[in-house]
Trainee: 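Take a look at the following structure, please.
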2 protein chains.
Amino acid sequence: MPPGLKDVAARAGVSIKTVSNVVNGYVHVAPATRARVQAAIEALGYVPNIAARQLRSGRSGVIALAVPELQSPYFAEIAGLIVQAAERRSWTVLIDQTDGQAERERNLVAGLRRHAIDGLIFSPLALAGEELALRDGTPMVLLGERVWHGPADHVAIDNTAAAADATRHLTSLGRRRIAAIGVQDRPSAVTAHQRLAGYRTALTEAGLPLDPTLEMPVDGFHRADGAEAMARLLDAEEPPDAVFCFNDLLALGAIRTLVSRGIPVPGRVAVVGFDDIEDGRFSTPTLSTIAPDAPRIAQLAVDLLAERLGDGPAAAGAPRELRVDHRLIVRESTGG
Amino acid sequence: MPPGLKDVAARAGVSIKTVSNVVNGYVHVAPATRARVQAAIEALGYVPNIAARQLRSGRSGVIALAVPELQSPYFAEIAGLIVQAAERRSWTVLIDQTDGQAERERNLVAGLRRHAIDGLIFSPLALAGEELALRDGTPMVLLGERVWHGPADHVAIDNTAAAADATRHLTSLGRRRIAAIGVQDRPSAVTAHQRLAGYRTALTEAGLPLDPTLEMPVDGFHRADGAEAMARLLDAEEPPDAVFCFNDLLALGAIRTLVSRGIPVPGRVAVVGFDDIEDGRFSTPTLSTIAPDAPRIAQLAVDLLAERLGDGPAAAGAPRELRVDHRLIVRESTGG
DNA sequence: GATGGACTATACAACGTTGCAGTACTTAAG
DNA sequence: CTTAAGTACTGCAACGTTGTATAGTCCATC
């Protein structure tokens with residue numbers, strides 16, 4: 001129904017291939033011919049059929065982004081930034097939500113996705129290690145620290161260092177009993193492991209003992225999990241005087257519990273989060289946190305994919321790991 | 001490079017079309033043949049090429065979702081829910097961010113999008129009325145109240161009634177000087193107009209005067225806008241004793257300003273928001289708000305699109321407008 | 001023991017595009 | 001004046017899939 005090259009060609013009185021050449025900016029087309037074709041294109045409102053183009057060329061101009069869930073502000077922000085970065089390359093982004101389920105992530109990676117995509121940006125939650133190996137050769141960029149050595153690029157901040165920075169901030173305030181909220185046992189919960197490691201490092205540096213009862217496990221990384229973990233901490237014999245939460249949602253949940261029990265923040269308990277989501281900038285109290293350079297993460301992820309997709313020599317290089325800066329932002333929840 | 005029907009056919013010793021029939025679940029295939037083909041499919045790891053399928057059938061299995069911005073929790077939530085609902089129909093969702101720019105929205109609607117999509121779910125911000133007419137016949141579902149009468153379905157809550165409910169809640173608490181934050185002049189800011197109308201209705205019902213100085217305009221619907229508008233209200237001669245904010249982000253921003261000036265919420269000023277984003281359930285104080293039935297909005301939007309895309313008789317019916325329920329949730333910010 | 005119907009399988013064309021090969025003409029170089 | 005190189009354009013095949021048309025086989029029915 002919509003016009004094709006054929007229709008444009010007929011109207012302009014040239015061959016199909018010439019129209020194709022004009023559309024693709026082929027140089028050896030006489031100006032007069034080009035103008036005539038352009039006019040026909042305008043007149044008919046011709047738009048290239050990308051299905052056909054993809055069938056021929058193998059490229060779809062679509063990349064997939066797989067995140068655990070869009071409802072989580074941090075992932076929503078990253079997703080938004082990636083869509084913007086992709087747009088600058090005139091790529092479209094197709095979004096998958098894995099809900100952190102191993103099965104879903106596996107399907108995704110196994111290439112069971114029914115849609116042809118040129119590349120994949122993936123923020124794995126349930127999967128780690130070799131399970132992440134893409135069956136088909138689709139280029140993949142992983143968001144998160146490198147935990148295996150397959151053929152995929154990585155973009156991440158230094159989680160361990162960042163967690164240590166956050167914890168160090170608490171020790172430097174003179175807090176002695178510092179809890180961690182966000183511990184996860186699963187071997188694939190790499191991010192949680194790294195942040196826990198950083199937390200322990202900073203405590204040890206400060207000459208503080210490691211107390212297992214202060215390392216609170218959680219099911220997920222949502223506000224409710226943080227609120228619940230904080231409640232458990234407060235019900236224990238010796239409550240903490242500071243908490244490092246592995247993300248801002250946990251922190252906001254924890255603060256909610258503290259405030260609702262009338263415990264002043266940061267008066268009695270100081271709280272640091274991780275991610276610098278917008279909520280933390282307007283919450284009461286405002287939230288001290290680790291701010292990853294999210295726009296840069298998004299840009300780098302897209303750039304890396306572009307390199308792999310390009311025809312240049314860089315296309316087949318060894319997997320790279322790119323570090324993105326982070327910084328500690330001190331706000332009210334630690335007395336900033 | 002990846003195997004096609006041809007390869008499977010060769011391996012199974014049947015014709016290409018028979019493999020196609022097996023893949024598509026055509027009934028008249030001998031069990032033995034079917035088994036042989038299935039085995040070949042497994043062995044080769046065959047996956048249908050949707051580009052080719054689309055070229056043949058015209059259907060891509062992809063729908064587009066256009067939202068102003070994913071960073072906004074409400075839109076992120078809606079997006080997540082729509083992706084889930086679409087998944088149940090094995091559709092994939094392609095996401096566009098318009099940033100509320102008229103130009104971007106126009107392009108989108110004009111079909112300039114380079115990718116073939118079966119349908120569009122669109123949450124317009126800058127555009128209204130006839131400008132929304134889709135050039136090509138792609139089915140479209142609009143999120144938001146019906147503001148024109150072109151061929152598109154609508155899914156929305158009753159904004160005016162909901163805004164009146166929120167405001168009525170404040171009057172019922174005995175508040176007399178109730179401000180509104182979120183007014184927008186632009187004729188296309190339909191949602192803002194409707195919520196303002198509801199606000200005025202409720203005030204009038206309660207026998208309260210309409211005071212233009214209490215109707216605060218904003219540039220956007222973000223926390224910063226709410227914080228800034230609240231500051232202006234507090235700096236005025238006669239500050240309000242309650243505020244109805246046109247969304248939760250504005251409300252959270254407003255609360256931030258109040259708290260940072262030491263004004264008790266809801267003690268001196270009560271605040272109601274709109275959208276019921278998760279932040280409001282854990283903020284300090286927790287936020288009273290209007291909760292639209294977001295899962296239902298998402299489900300209905302996808303269902304309506306499915307109807308239009310179906311071959312059934314409903315495919316070409318008159319445009320429909322579906323109302324979704326909302327309810328007032330009373331929390332701490334109004335003394336709940 | 002013909003006739004018709006259900007079943008199984010196949011061949012071919014077409015969807016809209018682009019890569020490749022090729023033609024015809026023009027200009028520059030030897 | 002021949003040859004080579006460049007320019008402007010065209011035609012054909014192919015990407016992987018599915019709809020239509022068709023043909024053969026087998027069985028039940030009249």
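Chain naming here is simple, since letters A, B, ... match the order of the sequence lines and numbering starts at 1 in each.
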Trainee: I'd like to know if the side chain of A:T18 reaches the main chain of A:V14, judged simply by a donor and an acceptor atom lying under 3.5 Å from each other, with no hydrogens or angles considered.
Mentor: no
Trainee: Whole angstrom is fine here: how far is it from NZ in B:K17 over to P in D:dT20?
Mentor: 9 Å
Trainee: OP1 or OP2 of D:dT10 sitting under 4.0 Å from any side-chain N/O of A:Y26?
Mentor: no
Trainee: Does the side-chain contact (heavy atoms from CB on, under 4.5 Å) test come out yes or no for A:E69 and A:H222, once each step is laid out?
Mentor: CA-CA 11 Å; A:E69 48 170 10; A:H222 300 108; 2.4 Å; yes
Trainee: For the side chain of B:L5, starting at C-beta, report the closest nucleotide among C:dT17, D:dT17, D:dA8.
Mentor: D:dT17
Trainee: Expressed as a whole number of angstroms, how long is the span from A:H28:NE2 to D:dG6:P?
Mentor: 9 Å
Trainee: Roughly how many Å is it from CZ in B:R56 to P in C:dC12, rounded to a whole number?
Mentor: 16 Å
Trainee: Walk me through it: do B:V302 and B:W91 pass the test side-chain contact (heavy atoms from CB on, under 4.5 Å)?
Mentor: CA-CA 10 Å; B:V302 171; B:W91 289 345; 3.9 Å; yes
Trainee: Whole Å only: how far is the CD atom of A:Q54 from the C1' atom of D:dT17?
Mentor: 13 Å
Trainee: Between B:S57 and C:dC15, does any side-chain N or O lie under 4.0 Å from OP1 or OP2?
Mentor: no
Trainee: With sugar-phosphate meaning primed atoms plus P, OP1 and OP2, does B:N21 contact a base, only sugar-phosphate, or nothing at under 4.0 Å between heavy atoms?
Mentor: base
Trainee: Under 4.0 Å, counting only non-hydrogen atoms across every strand here, what does B:T18 touch: a base, just sugar-phosphate, or nothing?
Mentor: base
Trainee: Do A:L142 and A:V155 come within less than 4.5 Å of each other through their side chains, counting heavy atoms only?
Mentor: no
Trainee: Quick one: B:R59 CZ to C:dC15 C1', roughly how many Å, whole number?
Mentor: 15 Å
Trainee: Report yes or no: is there a donor-acceptor pair, N or O only, under 3.5 Å between the side chain of B:K6 and the base of D:dG16?
Mentor: no
Trainee: Which one, D:dC9, C:dT18, C:dA9, comes nearest to the side chain of B:V29?
Mentor: C:dA9
Trainee: Does a side chain donor of either A:D118 or A:S60 reach within less than 3.5 Å of an acceptor in the other side chain?
Mentor: yes
Trainee: Could you work out which one of D:dC9, C:dT17, D:dT17 sits closest to the side chain of B:A52?
Mentor: D:dT17
Trainee: Atom CG of B:N24 and atom C1' of D:dT17: how far apart are they, to the nearest Å?
Mentor: 9 Å
Trainee: Quick check on DNA chain C: between A:V23 and B:A30, whose nearest nucleotide comes earlier from the 5' end?
Mentor: B:A30
Trainee: Are any of B:S15's side-chain N or O atoms less than 4.0 Å away from OP1 or OP2 of C:dA9?
Mentor: no
Trainee: Once you round it to whole Å, what is the distance between P of D:dT17 and CG of A:L55?
Mentor: 9 Å
Trainee: Nearest whole Å is fine: how far is C:dA11 P from B:I16 CD1?
Mentor: 9 Å
